[in-house]
Amino acid sequence: MTGQNPNVSNPIGFQFRWQPNLKSAFDATMTIPLNMGKSIAPGANLCFSFARSASLEVLSDDHTLATEIAQDGDFYCITFLEGVPKSSTVQVRFFGDGAPLRKWSDAPAGVFWDIAEEGLTDVPPADNRCLGDLENLQFVSVDTGILESTIEAPGALVPAPVDQQNPSDSSGLWSIPNSIGYRSNHPVSFWFAELISQDFHPDNDGPDLDIQVSEGMATDAYELRVAPEGVVLKGGPEGLQLGLVTLAQKVWQCSEGVLKPTQISDQPAHHYRGFMLDVVRHFFPVATIKKLLDSAAWLKLNHFHWHLTDDDGWRVASQAYPQLNKIALRGPGRPLPPQMGSGSKAYGGIYSPEDIKEVVAYAQARGITVVPEMDIPGHARALIRALPEIVEAGDQSQYESVQFHRQNVLSVAEPKVLTVLTTLLDEWLELFPGRLVHLGSDEVPEGAWTGSPTAKTLMEQLGLSTVEALHGWFLRQLQDHLTAKGRQCGGWEEVRTGQSVELDQGVTTDAWVYSWQGEQAGQDAAEAGHPVVLCPAQTCYLDLAYSDHEADPGYYWAGTLDLQKVYSYQPRAHSKVMGLQACLWTELVASEQRLSFMLLPRLLAFAEVAWGTANLEAFDDFKGRAAHWQSFWKALGWNGVRPESHW
Ligand code: ACM
């Protein structure tokens, strides 16, 4: 057994221990003391989330207990068929095939007793590391001298510009006090004011920074000259904004309070520089999304992919289908059960149209386009639970999704499903003005639709020979709907399922493809003519654990991902590769603190890769620059940034 914790802080909580050194199996035990002073009577339930498909054995003092076990997604509920005397312990053994357990964040989460007369009683972990609880771990303490970086960097611009000349006579030009006024001849400067609103005010009483702005370059190129005469900025429509971010970074980094002369010529290698947040597995309020948008804008990222629907929730309020608003919270006894450790509490949230408009406007003001994702036809358990009438009654298909769902795929041959989705999409189009709408399309489990009579009939009518072709037909209906409204659809790499360009089946090559299981699917899609966004999990999934350390939280199915590995990603260029995207899935991200811990500083490395100036030989230089940002993230309000001592 591994991971003995010397500081057991909660003796009434559960302990979790796993067998190390297994190759392709796992075997672990959760031990719960019965110290409520009562015995457990038959009929009691023990419930929790556990993100593996496991066989369970339940024991008390080495005696195997008779139980019934129900599983819904990652939510397990054990019903005791026999009693357990007080002052004994209950042990739940988890075993099965698959990757061995390696981390505290693999432990069961949201554990509670559900006992008829007593209601719900939480069982916290005895051992903080079961939660990967960062504050309580020396290993990841966030407050240890991170403000003083010892590494000298001439400037800490991230992403590094393509070309930067710092004249050797770099005597200071302007002292930068806490508050400074600026003068500008161009309205784009208001964007600058928005970005650094705490420090800058147009025409206030402080010394004025004269910003001369002129247009006339390629879209996202810019040139910035900071000289004794003032600041001169030239650029294309987006380039001007990007140049202002550079200026903002320089002003903020005036550690001696003096802005130095510089000449920068810059342009990103990729037009699409995105980041994705899953707000379904765990919900994040508008305030957190805004903080994230601020952080992204400072790193010159320009697309926010908002993963808004999944098996575990539907986060966009609907007027047409108010049933969706009723499943905003998951919890015991609700249509959506606890999941991802949400435990005994009613947990979740939903964005109102006003919330979404606020986020979209906030993003727009920072040069960021919001790409909403409605994940269909798989990953749709929440929609199905909200609208059970859209399920085809006679469908005998048997399948299990990666997250152990047996009913999370829409009945694509039922006409009412298309009606629901196009109605919902039309609602979304009112809220999201960006051209791209992401339709998910990932991870439809094998077996879906194979036992569906309506699918069989429709396939015969359409002359389709496989359920993959049916998947493609369905997506094409939605793509055509979006196209007719002047929009463009995107999807994960599986959006090409059932595609045959010769037969005009499946989505057309106008569909954007986001490759995630590796880079090859993206390159293949680019070769076929699709616009492509590369987000290979191995280097772009920031939900992956940073290291192998057992207390470092996160998934590791695609390996671990430290700063250097993010930085070392060298995407293959192709004219159809529009750019890159970092993704944060939130199965294990239950708090804003964990969110920033997973994101920062890795998002800086990603931003430089997406900009095209990452250079592995200069990784130390990058680290030095990134270190300067630690105080900035704190000032922005992130409380869980990974400390430099653990980069
Ligand atoms: C994905 O990670 N299923 C896109």
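Model, not experiment: these values are computed from the prediction. Quick note: residue numbers are just sequence positions, from 1.
- Residues Gln581 and Trp516 have side chains that never bring a donor and an acceptor to within less than 3.5 angstrom of each other.
- A ring-centre distance under 6.0 Å is not found for Phe75 and Phe404.
- Less than 6.0 angstrom separates the ring centroid of Trp306 from the ring centroid of Tyr351.
- Every residue two or more places apart in sequence or in another chain that forms a side chain to side chain donor-acceptor pair (under 3.5 Å) with Ser344 is listed here: Asp122.
- Side-chain N/O atoms of Ser295 and Trp638 include a donor and acceptor closer than 3.5 Å.
- Using bins of under 30°, 30° to 60° and over 60° for the plane-to-plane angle, the ring pair Tyr541/Trp557 lands in the perpendicular bin.
- Looking at Trp512, Trp492, Trp428 one by one, the single match for ring pair (Phe, Tyr, Trp, His ring centres under 6.0 Å) with His438 turns out to be Trp492.
- Evaluation of the salt bridge (Lys or Arg N to Asp or Glu O under 4.0 Å) test over residues 466-493, restricted to residues two or more places apart or in two chains, returns Asp426-Lys485, Arg476-Asp480, Arg476-Asp504.
- Counting only residues at least two apart or on different chains, no side-chain hydrogen bond (donor to acceptor under 3.5 Å, both in side chains) pair has a member in residues 409-423.
- At a cut-off of 3.5 Å, with distance as the only test, a side-chain donor of Asp106 or Tyr556 sits close to an acceptor on the other residue.
- Looking only at distances, a side-chain donor or acceptor of His530 sits under 3.5 Å from a matching main-chain atom of Ala511.
- Using a 4.5 Å heavy-atom cutoff, the side chains of Asp510 and Thr483 are not in contact.
- Between the side chain of Asn302 and the main chain of His271, a donor-acceptor pair closer than 3.5 Å is present.
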Begin with the C-alpha distance, continue with both residues' side-chain angles, and end with the deciding distance and a verdict on side chain to side chain contact (heavy atoms under 4.5 Å, CB included) for Val641 and Leu599.
-> CA-CA 8 Å; Val641 180; Leu599 221 48; over 6 Å; no

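- The salt bridge (Lys or Arg N to Asp or Glu O under 4.0 Å) with Arg381 is formed by just one residue from the set Asp375, Asp310, Asp312, Asp311; it is Asp312.
- In this structure, the ring of Tyr555 has its center no less than 6.0 angstrom from the ring center of Trp585.
- His574 and Gln523 share no donor-acceptor pair across their side chains, judged by distance under 3.5 Å alone.
- A 4.5 Å side-chain heavy-atom check between Leu324 and Leu424 finds at least one atom pair inside the cut-off.
- Using bins of under 30°, 30° to 60° and over 60° for the plane-to-plane angle, the ring pair Tyr272/His303 lands in the parallel bin.
- Under the 4.5 Å side-chain criterion, counting only non-hydrogen atoms from C-beta, Asp114 is not in contact with Pro332.
- A side-chain donor-acceptor contact under 3.5 Å links Arg602 to the backbone of Leu561.
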Apply side chain to side chain contact (heavy atoms under 4.5 Å, CB included) to Leu482 and Leu439, showing your working.
-> CA-CA 11 Å; Leu482 289 171; Leu439 296 176; 4.1 Å; yes

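- Salt bridge annotation for Arg385-Asp72: present, with a cationic side-chain nitrogen under 4.0 angstrom from a carboxylate oxygen.
- Between the side chains of His307 and Thr586, no donor N or O sits under 3.5 Å from an acceptor N or O.
- Counting only N and O atoms by type, the side chains of Ser401 and Glu443 include no donor and acceptor under 3.5 Å apart.
- Aromatic rings from Phe275 and Phe304 are positioned such that their centres are separated by under 6.0 Å.
- Of the possible donor and acceptor atoms, none in the side chain of Arg315 sits under 3.5 Å from a partner among the backbone N and O of Leu308.
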Derivation of the side chain to side chain contact (heavy atoms under 4.5 Å, CB included) call for Leu584 and Asp543 = CA-CA 5 Å; Leu584 185 61; Asp543 57 310; 4.1 Å; yes

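- Judged by a 6.0 Å distance limit and a 45° cone about the ring axis, Arg366 is positioned over the six-membered ring of Tyr362.
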Applying side chain to side chain contact (heavy atoms under 4.5 Å, CB included), run through Gln538 and Leu544 and close with a yes or a no.
-> CA-CA 8 Å; Gln538 296 77 4; Leu544 293 183; 5.8 Å; no

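- Between Val412 and Leu418, the closest side-chain pair of non-hydrogen atoms is not below 4.5 Å.
- Side chain of Tyr399 to backbone of Asn408: a donor-acceptor contact under 3.5 angstrom is found.
- With hydrogens and angles left out, the side-chain atoms of Glu519 and Tyr569 include a donor and acceptor closer than 3.5 Å.
- Between Asp220 and Lys300, none of the side-chain N atoms (NZ, or NE/NH1/NH2) sits under 4.0 Å from a carboxylate O, so this pair counts as no salt bridge.
- In this structure, the side chain of Gln499 engages the main chain of Val507 through a donor-acceptor pair within 3.5 Å.
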Assess whether salt bridge (charged side-chain N to carboxylate O under 4.0 Å, His left out) is satisfied between Asp562 and Arg642, documenting all intermediate values.
-> CA-CA 11 Å; Asp562 64 16; Arg642 191 179 185 90; over 6 Å; no

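- Residue Glu446 qualifies as open at atom CD: its count of foreign heavy atoms under 6.0 Å is 12 or below.
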Test Asp552 against Lys103 for salt bridge (charged side-chain N to carboxylate O under 4.0 Å, His left out), laying out the working first.
-> CA-CA 7 Å; Asp552 226 336; Lys103 290 188 172 287; 5.6 Å; no

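- Between the side chain of Gln477 and the backbone N or O of Trp473, at least one donor-acceptor pair lies under 3.5 Å.
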